[in-house]
Amino acid sequence: VVPLTGPTLSAEAQPPTPVAVRQYFSETGHTVDEPFLAYFEAYGGIARFGFPITDQYVDTTTNLTIQYFQKARLEFHPANPPAYRIQLGLLGDELGKRQPPLAVREIPTATDPNCAYFDTTGHAVCFQFRRFFETTGGVDLYGYPIAPQQIEGNRIVQYFQRARLEWHPENPPDFQTQLG
């Protein structure tokens with residue numbers, strides 16, 4: 001972390017100047033700055049989002065400041081309330097992974113401890129994906145599930161509006177479910 005400091009101020013005349021920070025990643029040659037750095041660090045950093053694969057920039061289509069990471073795209077929405085100014089991009093939807101809602105016979109019961117069903121999209125999140133989803137940010141971070149669990153290649157995955165969860169049973173328990 002490289003601190004960026006302003007001009008030297010007299011401690012008697014003014015309060016200390018806040019220090020802005022950025023983090024450079026030599027692995028990819030990119031930097032994470034505010035407004036994304038605090039969010040990146042608070043929600044899991046490299047372990048959750050992967051390394052930055054771009055620097056932040058203003059998208060000319062949306063006029064949003066965005067930054068891509070190996071496993072996510074962060075967006076800055078300055079008009080939103082503070083808690084919702086940084087959001088993951090709607091990559092699940094943009095990649096066309098939304099599927100039709102579950103058939104009525106497939107909807108888990110409200111008392112099923114393994115699954116949570118969302119009327120909003122007609123999909124459920126179950127088992128380890130549910131535990132990860134509920135303990136690491138839920139709908140606010142990942143959006144709603146937009147497809148059931150499925151196998152892609154040799155991996156069980158599930159798409160959400162803003163994320164793709166992957167099951168890695170070969171990893172230690174805390175790292176078996178992760179963003180893809």
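Values below: every heavy atom of this structure, side chains too, minus hydrogens, waters and symmetry copies.
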What's the spacing between T28 OG1 and D55 CG if we round to 0.5 Å? 8.0 Å
Kindly say whether P148 contributes a backbone atom to a donor-acceptor pair with the side chain of Q158 at under 3.5 angstrom? no
So, do W167 and P169 sit near enough that their side-chain heavy atoms are less than 4.5 Å apart? yes
Check whether F36 and Y142 end up in the same hydrophobic cluster, where Ile, Leu, Val, Met, Phe, Trp and Tyr are linked by side-chain heavy atoms less than 4.5 Å apart. yes
Any side-chain heavy atom of Q87 sitting closer than 4.5 Å to one from H77? yes
Begin with the C-alpha distance, continue with both residues' side-chain angles, and end with the deciding distance and a verdict on side-chain contact (heavy atoms from CB on, under 4.5 Å) for L74 and I66. CA-CA 6 Å; L74 296 184; I66 65 171; over 6 Å; no
Yes or no on side-chain contact (heavy atoms from CB on, under 4.5 Å) for R164 and L91, after CA distance, side-chain angles and deciding distance? CA-CA 8 Å; R164 173 181 183 235; L91 295 176; over 6 Å; no
Donor-acceptor contact present, side-chain H30 to main-chain P52, <3.5 Å: no
Check this for me: F76, atom CZ, are more than 12 non-hydrogen atoms of other residues, nucleotides or ligands nearer than 6.0 Å? yes
Under the 3.5 angstrom rule, does the side chain of E106 hit a backbone N or O of A103 as a donor-acceptor pair? yes
Quick one, Y159 with E152, criterion side chain to side chain donor-acceptor pair (under 3.5 Å). Give me CA distance, side-chain angles, the key distance, then yes/no. CA-CA 11 Å; Y159 286 91; E152 283 187 0; 3.0 Å; yes
Indicate the ring-plane relationship of Y57 and Y68, choosing parallel, tilted or perpendicular according to the 30° and 60° boundaries. parallel
Listed partners of D140 passing salt bridge (charged side-chain N to carboxylate O under 4.0 Å, His left out), at least two apart: none
Salt bridge (charged side-chain N to carboxylate O under 4.0 Å, His left out) between E170 and R155: does it pass, once the steps are laid out? CA-CA 11 Å; E170 71 279 7; R155 190 78 54 212; 3.4 Å; yes
Steps toward ring pair (Phe, Tyr, Trp, His ring centres under 6.0 Å) verdict (F133, F160): CA-CA 10 Å; F133 177 81; F160 294 76; 5.2 Å; yes
Sidechain-backbone polar pair: D59 side chain, N63 backbone, donor-acceptor under 3.5 Å: no
Give a yes or no on whether L37 and Y39 share a hydrophobic cluster (residues Ile, Leu, Val, Met, Phe, Trp, Tyr; joining criterion: side-chain heavy atoms under 4.5 Å apart). yes
Looking only at the side chains, is there a donor atom on one of Q67 and R73 sitting less than 3.5 Å from an acceptor on the other? no
Less than 4.5 Å apart, side chain to side chain, heavy atoms only: is that true for I146 and D93? yes
Would you confirm whether E134, through its side chain, and R131, through its main-chain N or O, come within 3.5 Å as a donor-acceptor pair? no
Residue of the set R98, Q99, H123 for which side-chain contact (heavy atoms from CB on, under 4.5 Å) holds with P145: H123
Which heavy atom in E166 sits nearest to a heavy atom in L179, and how many Å separate them? OE1-O, 4.3 Å
Quick one, R48 and T136 - any side-chain contact, counting heavy atoms below 4.5 Å? yes
More than 12 non-hydrogen atoms from neighbouring residues, nucleotides or ligands closer than 6.0 Å to CD1 on I151, yes or no? no
Can you tell me how the ring of F69 sits relative to the ring of F40, calling it parallel under 30°, perpendicular over 60° and tilted otherwise? parallel
With sequence neighbours left out, what residues match E27 under side-chain hydrogen bond (donor to acceptor under 3.5 Å, both in side chains)? none
Which atoms form the tightest heavy-atom contact between Q56 and P35, and what is the distance? OE1-CD, 3.8 Å
Just do the side-chain contact (heavy atoms from CB on, under 4.5 Å) check on L165 and V157 with the steps written out, would you? CA-CA 5 Å; L165 297 186; V157 302; over 6 Å; no
Same cluster or not: F49 versus F132, using hydrophobic residues (I, L, V, M, F, W, Y) connected whenever any side-chain heavy atoms lie under 4.5 Å apart? yes
Assigning hydrophobic clusters by single linkage (Ile, Leu, Val, Met, Phe, Trp, Tyr; side-chain heavy-atom cutoff under 4.5 Å), is F51 placed with V32? yes
Please step through side-chain contact (heavy atoms from CB on, under 4.5 Å) for the pair V58 and L64, ending with a clear verdict. CA-CA 5 Å; V58 176; L64 295 175; over 6 Å; no
Pairwise distance OG1(T65) to CD(E34) - rounded to 0.5 angstrom: 12.5 Å
Do F118 and L90 belong together in a cluster built from hydrophobic side chains that touch within less than 4.5 Å? no
